[in-house]
Asker: 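Okay, handing you the structure first.
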Amino acid sequence: MNYWLMKSEPSSYSWDQLVKDKKTGWNGVRNFQASANLKAMKTGDRVFFYHSNEGLAVVGIAEVSKTYYPDPTDKTERFGMVDIKPVMPFKTPLALVDIKKDPKLKDMVLVKNSRLSVQPVTPEEWKHICQLGGVKG
DNA sequence: GCCAACGTTGGC
DNA sequence: GCCAACGTTGGC
């Protein structure tokens, strides 16, 4: 099983919306690196849901429910998408400022390459972040 | 709302 | 195939 982190601006699509929808198609990625990560996802892979721009925190865990398929909103037909569903919310959202302060997490892609919207998370990082978020990953 | 960082595009 | 120009992301 692999671990990932996906970003969304709450004003365009929030964690609460995902919970309400039960699942969502993660379309709109227009970046090759992010798209390659989507392609590498397998059903059942776990995903941190991160609120960018507002919130700036990891707020919950989602799961890949459908693997990579073409994104119908992409007219160039170069990019794809996956489906995800909510698993559980964090008891305590983990803020970016706290991630940056944590020596175990300061090398995360989230910190190093803040503009990548779909990124891998190491098992060590996953475990640690779950602890800080008050959940069992 | 600003702007730095970065990815993509397109002219040469 | 290089690189300048441009657009977008996202933290502050």
Side-chain angles (χ1 to χ4, degrees):
Chain A
M1 139 130 46
N2 293 310
Y3 301 107
W4 310 94
L5 181 145
M6 286 175 165
K7 293 185 197 176
S8 183
E9 299 188 28
S11 57
S12 65
Y13 196 86
S14 67
W15 168 260
D16 287 345
Q17 190 62 45
L18 176 63
V19 170
K20 214 155 108 189
D21 291 348
K22 305 278 202 304
K23 70 161 204 167
T24 195
W26 204 261
N27 63 12
V29 168
R30 297 291 181 271
N31 172 287
F32 291 112
Q33 225 182 321
S35 191
N37 287 333
L38 288 178
K39 209 178 278 186
M41 290 182 185
K42 297 194 177 68
T43 307
D45 277 3
R46 292 292 168 105
V47 180
F48 284 136
F49 196 101
Y50 175 83
H51 279 170
S52 63
N53 272 309
E54 304 162 45
L56 305 183
V58 180
V59 292
I61 296 174
E63 183 179 301
V64 178
S65 58
K66 186 177 176 187
T67 52
Y68 193 86
Y69 59 100
D71 179 350
T73 68
D74 173 29
K75 291 205 179 75
T76 67
E77 298 182 350
R78 286 181 299 179
F79 299 100
M81 57 189 280
V82 301
D83 288 355
I84 62 168
K85 62 180 185 188
V87 176
M88 67 181 107
F90 272 21
K91 277 207 184 88
T92 332
L94 179 58
L96 180 65
V97 284
D98 294 324
I99 291 175
K100 285 186 172 171
K101 268 189 271 177
D102 194 314
K104 283 186 188 157
L105 302 176
K106 66 174 179 23
D107 289 330
M108 280 185 74
V109 183
L110 186 66
V111 178
K112 287 280 164 68
N113 182 2
S114 65
R115 294 196 45 204
L116 185 60
S117 62
V118 180
Q119 49 183 266
V121 173
T122 69
E124 291 78 22
E125 290 163 352
W126 182 270
K127 205 186 275 184
H128 192 59
I129 290 172
C130 284
Q131 275 173 16
L132 295 173
V135 296
K136 288 194 181 125

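Only a predicted model underlies this, so the values are computations on that prediction, with no experimental measurement involved. In what follows, chains are A, B, ... by sequence order, proteins preceding strands, each numbered from 1.
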Asker: Quick one: A:Leu110 CG to C:dG11 P, roughly how many Å, whole number?
Answerer: 7 Å
Asker: Check the distance between C:dT8's P and A:Phe32's CZ and give it to me in whole angstrom.
Answerer: 15 Å
Asker: For a quick test of reading the model: is some side-chain N or O of A:Tyr50 closer than 4.0 Å to OP1 or OP2 of C:dG11?
Answerer: yes
Asker: Give the rounded distance in Å between these two atoms: NE2 of A:His51 and P of C:dG10.
Answerer: 13 Å
Asker: Assign each of A:Arg30 and A:Asn53 to its nearest nucleotide of DNA chain B by heavy atoms, then name whichever residue's nucleotide is nearer the 5' end.
Answerer: A:Asn53
Asker: Return no unless some side-chain N or O of A:Arg78 is found under 4.0 Å from OP1 or OP2 of B:dT8.
Answerer: no
Asker: Let me know the distance between NZ of A:Lys112 and P of C:dT9, rounded to the nearest Å.
Answerer: 24 Å
Asker: Describe the nucleic acid contact of A:Asn31 in one word from base, sugar-phosphate, nothing, applying a heavy-atom distance below 4.0 Å.
Answerer: sugar-phosphate
Asker: Within the distance-only criterion (no hydrogens, no angle test), does the side chain of A:Gln119 pair as donor or acceptor with the backbone N or O of A:Leu110 below 3.5 angstrom?
Answerer: yes
Asker: Looking at A:Asn2, is its backbone amide N or carbonyl O close enough to the side chain of A:Asp45 to form a donor-acceptor pair, meaning the two atoms are under 3.5 Å apart?
Answerer: yes
Asker: Mark yes or no for a side-chain to base donor-acceptor pair under 3.5 Å between A:Arg115 and C:dT8, with no hydrogen or angle criteria applied.
Answerer: yes
Asker: Is the distance from OP1 or OP2 of C:dT9 to the nearest side-chain N or O of A:Lys7 less than 4.0 Å?
Answerer: no
Asker: How long is the line joining CG of A:Leu116 and P of C:dG11, in whole Å?
Answerer: 12 Å
Asker: Would you mind reading off the distance between A:Gln119 atom CD and C:dG10 atom P, rounded to a whole angstrom?
Answerer: 9 Å
Asker: What is the distance, to the nearest angstrom, from the CD atom on A:Glu54 to the P atom on C:dG10?
Answerer: 13 Å
Asker: Could you report the tightest heavy-atom contact between A:Phe49 and A:Tyr13, atom names first, then the distance?
Answerer: CZ-O, 3.8 Å
Asker: Donor-acceptor check, side chain of A:His128 to backbone of A:Leu105, threshold 3.5 angstrom: yes or no?
Answerer: no
